[in-house]
Structures are given as C-alpha cells and as structure tokens.
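Worksheet: the structure to be examined is printed underneath.
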Number of protein chains: 2
Amino acid sequence: MVQIPKTPASAPPAPTRSVPTSADVARLAGVSRATVSYVLNNAGAVRISEPTRRRVRDAARELGYVPHAAARSLRAGHSRTVLMPAPAFPVGPLYSQFINELQAALARLDYTVVQYGTSGVHDDEAARAWAELRPVAVLVPGSGLGPRGVDVLKRAGARAVVTLGPEAVEGAHALLMDHDVVGHSAGAHLFDRGRRRIGVIVPREPGLEAFSAPRLAGVRAALRGTDATVTELPLAADEGAAARLAARWRDLGLDAVFTYNDEYAMLLMRALQDEGVRIPEEAAVVGADNLMLGRLLRPRLSTVHLDLPCGRELAGLVDRAVRDPAAAPEAHKALGASVVRRESS
Amino acid sequence: MVQIPKTPASAPPAPTRSVPTSADVARLAGVSRATVSYVLNNAGAVRISEPTRRRVRDAARELGYVPHAAARSLRAGHSRTVLMPAPAFPVGPLYSQFINELQAALARLDYTVVQYGTSGVHDDEAARAWAELRPVAVLVPGSGLGPRGVDVLKRAGARAVVTLGPEAVEGAHALLMDHDVVGHSAGAHLFDRGRRRIGVIVPREPGLEAFSAPRLAGVRAALRGTDATVTELPLAADEGAAARLAARWRDLGLDAVFTYNDEYAMLLMRALQDEGVRIPEEAAVVGADNLMLGRLLRPRLSTVHLDLPCGRELAGLVDRAVRDPAAAPEAHKALGASVVRRESS
DNA sequence: TTGAAAGCGCTACCAG
DNA sequence: CTGGTAGCGCTTTCAA
C-alpha cells in the first residue's frame with residue numbers, strides 16, 4: 001500500500017523531481033545512512049530493532065527509493081552482470097530457447113544477464129565497450145572475439161570469458177559449437193543413401209557465413225576420399241532465386257542437396273517441385289535444425305537435429321569459472337548432430 | 001576472497017591483475033588524473049599540449065585502460081542507457097528486425113541499448129530491477145507494465161518510458177500496437193469473401209495470449225452486427241493437436257479459419273489437407289505476418305501483412321522524449337494491417 | 001597548461 | 001544496536 005500524497009496539478013513542488021537516495025530515506029526515517037543500508041540489504045551481521053526496520057522500510061516505500069546499481073557495484077568493486085552481445089540477425093527458435101534457458105539458469109545463480117546492443121562495432125572496439133560495464137563474465141556467440149578482445153575484458157576484471165563458437169580462443173573458456181558436425185552428418189547420410197553428386201546451399205544473407213561456412217566444410221570433410229563431389233550453391237532467401245536455381249537443377253547433374261537449414265529446404269523444395277523435379281528420386285534433400293515445418297512438408301523433410309548444450313550446463317560453467325578464475329580455460333565440445341531421416345532422402 | 005595489496009608505485013611492472021584506473025594512467029604518464037580525463041574525453045574547453053596528450057594516450061594503451069562506466073555515470077548523474085526487457089519467448093523475424101533497426105538507430109543517436117533478462121519477474125518487481133540501472137529511457141513491449149511500474153521508473157530518473165503494446169499506460173509514451181487490427185482485417189476479408197462461419201485459432205502456448213487475444217477480439221469486432229459467427233479454436237503447436245482439430249473440421253460446420261499467424265496456418269493447412277478437406281472451398285484459410293513460407297504453401301496462403309513502425313521512428317520518439325521529458329506523453333497508433341490475398345481464401 | 005579537491009550513492013569498517 | 005566516515009573511479013570546477 002502506497003501512501004503518496006497527491007501533488008496538486010496546479011503547483012508541482014519540483015519541476016525536476018530528483019531521484020531519492022539512501023540519504024533521503026535515512027532523513028525521513030530519522031536514522032543514519034548506514035542503518036538504511038543494513039535494513040534494506042537484510043545484513044545478517046548487525047541486528048536492527050524491529051521498529052527501526054519498519055520506519056526505514058516505510059520511508060523507502062514512501063519515497064519510491066530504488067538503490068543505484070552503479071553506486072553499489074562501484075563500492076563493491078564487482079558486479080554480478082553477465083554480458084552477452086545481442087545477436088545482430090534474426091535468430092531461430094532453437095537459439096532463442098537456449099538464451100532463455102541460460103538467462104533463467106543464471107538468474108537462479110543470482111547473476112543478471114544483459115544483452116548489449118553492439119551493432120556493427122568490430123572486435124576490439126566492441127570488447128572495450130563491453131569492458132566499460134565491468135561485467136563479471138562475458139559470453140560471446142560466434143567468432144567475433146579474438147585473443148586481444150579477451151585480454152581487454154580480463155584486464156577490465158571479467159572473471160570469465162566464454163566463447164560459443166567454432167574454435168577456442170586463447171585465454172577464454174569455450175563451448176565449441178562447430179557447425180562442421182552438422183554438415184558432416186548430412187554429407188555422411190547422403191553418401192549412405194547412395195548419393196554421389198551433392199550440392200550444398202550457402203545462404204547469401206550476410207551474418208550467416210559463420211554457420212554456413214562450417215556446415216559446408218563439414219560436408220566436404222565427410223566426403224573426402226570418396227568418389228562423391230560437393231558443389232557449392234549460393235542462394236538468396238527469395239523465391240525468384242530459388243526458381244532460377246531449380247531451373248538449372250538438371251543441368252547441374254546433382255542428385256542430392258544439403259540446404260543449410262530447414263527453411264532453405266522448404267524454399268528449394270517448393271521451387272524444385274514447381275519445376276517438376278521429383279524428390280527424393282531426382283534430388284534428395286536434407287535440411288537442418290529439425291524445425292516443425294519439416295514434418296509438415298511433403299515429402300516429409302529429412303533433417304539434421306542439433307543438440308545444443310542446455311542453458312543450465314553453460315550457466316554452471318560460467319559460475320565455476322567466476323568462482324575460480326585462475327583455473328585453466330575449459331573447452332567443451334558442445335554441439336551434437338544426428339540425422340532424422342524422413343521421406344526426402 | 002583474496003585481497004591483493006596494491007603494489008607500490010616504485011615496484012617494476014608487477015603482475016598485479018588489478019584493474020587499471022585513471023589514476024594508474026596518470027601515474028604512468030606523470031600527470032594528474034584531471035589531465036587524463038581531459039585527454040581521453042577530448043575535452044574541448046581545455047587545451048593540453050600535444051606531448052602530454054601523447055604520453056597519456058600511450059600510458060592508457062600500455063595499461064589496457066578502459067573507463068569505468070558505473071563511475072562515470074555516477075559522477076555525471078545520468079547515463080545514456082536505453083533499457084528493454086529481453087523477450088521471454090521465441091520471437092519471429094519481424095520483431096528481430098525491428099529490434100535491430102531500433103538498436104542501430106539509437107546507437108546513431110549515441111544511446112546504448114541494453115536488453116535486460118528479466119525471466120519470470122513480475123511487473124513492479126521488474127520495474128524496480130530496471131530502475132536500479134538508472135536508464136535514461138525504458139522501452140517495454142507487451143503489456144507487462146502498469147502505471148505503478150511507470151512511476152517507479154520515472155522516480156528513478158528515467159526521462160522516457162515507452163510502451164509498445166495494445167494500450168497506453170498512464171504517464172508513459174505509447175506506440176500503440178493493438179493486434180486487434182490484424183484480426184479485424186482478417187475477419188473483414190473473410191466476410192467479403194462470403195464466409196459466415198469463421199473459426200479463429202488461439203495458440204495454447206503461454207506468452208502468446210498478449211497477441212492472440214486481441215487478434216481474436218479483432219475478428220469478433222469486424223463481424224459484430226453481421227450474420228457471421230466466430231468460433232474460438234484453441235490449438236497447441238504440434239501435429240497431433242492439428243490432426244485432431246482437422247478430424248473435427250466437418251462437424252464444426254465452419255467455412256473459414258483465421259489461424260493467428262502463418263506458422264499455425266501451415267500446421268493447420270497440412271492437417272486439413274491430410275484429412276481431405278479442400279482449401280479454400282471447404283475451408284478458407286488466412287494467416288498473419290506475411291512470412292515467406294506462406295508463398296511457398298499450396299494453395300498459396302492469404303495472410304495479413306503487418307506494418308510495424310520502423311526503428312528510426314521509435315528512436316526519434318525516444319530521443320525527443322529524453323530531451324523534453326516534461327512534454328505530455330504521446331500515443332501513436334503504430335500498427336497497420338492489410339490483407340494479402342493469395343489462393344487460400 | 002596542469003593540479004588539487006569535492007562529491008556522485010553506496011557499503012563496510014570501527015566507535016560509541 | 002546505531003552513527004560517523006572512508007573511499008570505490010570518475011569528472012569538473014577552481015587555483016596556481
């Protein structure tokens with residue numbers, strides 16, 4: 001229950017209401033700032049009488065007092081902020097869910113997750129911007145952070161830097177998520193199904209190279225030393241481009257295609273079908289991500305299912321690293337891939 | 001926790017892992033902290049000799065000095081942080097793009113956008129958590145913020161609070177995005193196409209009520225006073241549920257369905273087609289969001305295209321509000337909807 | 001042109 | 001049990 005006296009609209013007492021501080025609370029409650037701090041932080045070491053506690057609490061509520069995080073962490077010398085760069089491109093449901101799990105798990109460990117919008121800033125510059133916030137840990141998806149960036153962050157007091165990407169970075173913990181395995185699974189699967197002339201869709205959209213390049217490389221790796229060939233097929237995410245590719249299909253002489261993900265699979269399948277190309281007879285199609293839409297296509301889409309690390313796991317890693325920053329950086333292989341065969345391959 | 005004593009200035013470049021401050025830079029450069037601040041902030045008011053500037057810059061680089069954002073904003077009395085809660089559910093490409101545009105636009109205006117992970121915390125509690133960061137502005141999608149929350153934020157110094165949701169909140173600016181219009185467009189369209197017994201899919205997934213309820217209400221509103229009926233059809237996002245609904249379709253006696261969005265449309269269309277229900281003859285289908293997948297379905301999916309406000313626009317609103325916090329909160333109607341008719345209706 | 005010092009809001013010692 | 005107070009890192013007067 002709030003008991004704020006309504007200020008008459010005719011004469012507001014202060015045009016610029018200043019933000020209440022703990023000193024204001026102390027004054028109103030008739031105690032010292034120290035006492036306010038003790039009460040509001042439930043300090044166990046000191047015992048404050050119940051009437052005093054009430055007075056402080058009431059005063060805080062009445063003023064709408066909210067502690068100043070910057071002042072607090074300045075004083076404390078550290079924060080419990082875990083910083084992640086906000087993804088710069090539309091991100092699928094898998095990754096969203098991963099982030100949410102992670103946030104929830106870290107919140108349970110009493111960390112505060114903050115996604116920092118770093119649009120377009122590059123590497124060291126970004127690292128410096130992040131370092132200004134003095135986060136206790138930094139999680140960086142992708143491969144935008146180099147050893148220098150890691151160093152900047154650690155010198156700024158980050159007790160853990162974790163990269164989520166294809167390769168480990170000097171000085172940082174790593175959750176190795178090399179999408180190589182995705183392409184590898186797809187390639188091996190298509191080979192097993194007797195396909196030998198395999199196309200690989202590479203999205204033209206910027207920002208996706210970080211995933212598409214390793215996926216392509218994985219297909220290549222899976223087929224190295226066999227008689228199969230791999231053909232790179234750049235494709236923009238629009239119908240016209242897909243139709244043009246489909247029109248060329250028979251000339252390309254391919255018998256299978258790994259489409260980068262399920263959405264591109266849908267795009268290409270539709271174009272191929274409109275062109276009269278039979279799936280899987282003339283073109284085996286394999287997507288990735290195991291989205292629901294794959295099950296809704298006809299023929300049903302074969303796909304590569306990704307096993308992402310669960311958020312709790314990563315949260316645990318972060319917490320351990322924060323508690324023992326001296327420990328050698330761990331590198332976990334954290335991306336599994338398995339083919340879900342349906343009707344398109 | 002181990003406290004490492006400060007190494008005396010006389011000691012050689014010690015292995016102290018403590019974070020360098022501007023005082024360290026000053027010491028190394030042989031100047032005062034004031035000079036360091038002037039140099040590193042390119043203060044125009046004072047003129048520092050070029051040799052001094054060099055010394056300061058070199059010292060800063062050598063130490064890997066990064067200013068402490070908390071200390072700076074504490075001193076300054078304000079920050080340029082714009083805070084948004086991180087969305088708690090998988091978010092489509094439309095919204096992602098909107099966020100990215102917004103971040104870029106605000107970055108150009110020299111604001112720092114931060115998405116704060118508030119998983120599960122409710123209303124006032126969330127507002128208080130945000131207020132601790134003393135953001136200069138807060139953008140809140142959805143309808144999770146009440147007048148009390150707005151008040152908390154403003155008392156904590158937020159110069160602008162903007163809600164992006166169905167209705168304006170007392171004291172806050174509003175970008176009115178009432179999804180009502182989406183349902184309204186769909187309903188009116190189906191009525192125009194001669195449909196009279198109209199089903200509306202309502203996703204069972206939690207977190208989507210904020211959108212699904214207004215969309216349903218919009219259909220109802222569009223058909224009020226006509227001889228058409230509206231039937232609510234709860235549906236979970238899985239094939240089994242869709243199949244069960246499709247099996248009941250003919251018993252339901254409906255002739256059209258608005259599916260909440262394109263993804264549910266795809267799910268339902270597939271189930272209806274598997275059941276032998278002809279589209280659009282026996283069931284006209286209209287989705288929403290105008291995703292590419294709609295064009296890939298057969299029959300091609302009619303959909304409601306959403307006109308979201310562009311990020312630049314919102315960034316401008318935020319900036320104006322920050323510069324003139326006294327101005328009366330504006331409320332912009334910011335969601336347009338138009339039907340894209342294809343083959344399914 | 002540079003330096004000394006105050007103080008932003010907060011917490012944690014140490015006295016009383 | 002409660003109050004005084006130092007000081008976290010930074011910017012910004014005011015003096016020299």
Side-chain angles (χ1 to χ4, degrees), chain A residues 16 18-56 59-60 63-80 131-134 136 155-157, chain B residues 1 3-6 18-56 59-60 63-80 131-134 136 155-157:
Chain A
T16 314
S18 71
V19 182
T21 73
S22 75
D24 296 321
V25 177
R27 204 154 26 234
L28 183 58
V31 298
S32 76
R33 279 154 59 220
T35 305
V36 171
S37 178
Y38 289 139
V39 171
L40 297 183
N41 294 320
N42 291 314
V46 277
R47 287 144 95 81
I48 309 280
S49 69
E50 195 49 43
T52 304
R53 303 179 87 97
R54 286 191 78 80
R55 285 219 312 285
V56 170
L63 292 175
Y65 170 73
V66 175
H68 193 309
R72 176 181 295 187
S73 72
L74 182 58
R75 167 67 222 220
H78 60 89
S79 74
R80 290 190 66 83
E132 293 194 359
L133 298 190
R134 297 290 190 274
V136 69
R155 282 160 94 123
Chain B
M1 183 171 333
Q3 270 302 0
I4 300 169
K6 273 242 168 151
S18 89
V19 182
T21 72
S22 74
D24 295 322
V25 176
R27 202 149 33 229
L28 182 58
V31 298
S32 77
R33 280 154 63 220
T35 306
V36 171
S37 178
Y38 289 141
V39 171
L40 296 183
N41 294 322
N42 292 314
V46 274
R47 289 145 96 82
I48 309 280
S49 68
E50 195 49 45
T52 305
R53 304 179 88 95
R54 285 192 80 81
R55 285 219 312 287
V56 170
L63 292 175
Y65 170 72
V66 174
H68 193 309
R72 176 180 297 190
S73 72
L74 182 58
R75 168 65 223 225
H78 60 88
S79 74
R80 289 189 69 81
E132 293 194 0
L133 299 189
R134 298 289 191 273
V136 68
R155 283 160 94 121

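All figures in this text were calculated on a predicted structure; none of them were measured in a lab. Labels below follow one simple rule: chain letters A, B, ... track the order of the sequence lines, proteins then strands, and each chain is numbered from 1.
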### Query
Mapping B/Ala71 and B/Tyr38 onto DNA chain D by nearest heavy atom, which one lands closer to the 5' end?
B/Ala71
N/O donor-acceptor pair under 3.5 Å between [X] side chain and [Y] backbone:
| X | Y | value |
| --- | --- | --- |
| B/Arg33 | B/Ser22 | no |
| A/Arg80 | A/Val136 | no |
| B/Arg134 | A/Ala69 | no |

Nearest-Å distance for atom pair [atom1]/[atom2], residues [X] and [N]:
| X | N | atom1 | atom2 | result |
| --- | --- | --- | --- | --- |
| A/Ile48 | D/dG3 | CD1 | C1' | 10 Å |
| B/Arg53 | C/dT2 | CZ | P | 10 Å |
| A/Asn41 | C/dA12 | CG | C1' | 11 Å |
| A/Arg54 | D/dT2 | CZ | C1' | 20 Å |
| A/Leu74 | C/dG7 | CG | P | 17 Å |
| A/Arg134 | D/dC8 | CZ | C1' | 12 Å |
| B/Arg27 | D/dG9 | CZ | P | 11 Å |
| A/His68 | C/dG7 | NE2 | C1' | 13 Å |

Taking only N and O in the side chain of [X], is any of them less than 4.0 Å away from OP1 or OP2 of [N]?
| X | N | answer |
| --- | --- | --- |
| A/Thr35 | D/dC1 | no |
| B/Ser32 | C/dA4 | no |
| A/Ser49 | D/dT2 | yes |

The side chain of [X] is closest to which nucleotide in this list: [options]?
| X | options | answer |
| --- | --- | --- |
| B/Arg72 | C/dT1, D/dC10, C/dT11 | D/dC10 |
| B/Arg75 | C/dA12, C/dG7, D/dT2 | C/dG7 |
| B/Thr21 | C/dT11, C/dC14, D/dG9 | D/dG9 |
| A/Arg33 | C/dC13, D/dG9, D/dT5 | D/dT5 |

### Message
By nearest heavy atom, map B/Ala34 and A/Ala76 onto DNA chain C; which one lands nearer the 5' end?
### Response
B/Ala34
### Query
Base, sugar-phosphate, or nothing for A/Thr52, non-hydrogen atoms under 4.0 angstrom?
sugar-phosphate
### Verdict with supporting geometry, A/Arg72 and A/Asn41, side-chain contact (heavy atoms from CB on, under 4.5 Å)
CA-CA 11 Å; A/Arg72 176 181 295 187; A/Asn41 294 320; 3.7 Å; yes
### Message
Show, in sequence, the C-alpha distance, side-chain angles and deciding distance for B/Arg53 and B/Asn42, and conclude whether the side-chain contact (heavy atoms from CB on, under 4.5 Å) test is met.
### Response
CA-CA 10 Å; B/Arg53 304 179 88 95; B/Asn42 292 314; 4.0 Å; yes
### Query
Taking atom types as they are modelled, is there a donor-acceptor pair under 3.5 Å from the base of D/dC10 to the side chain of B/Tyr65?
no
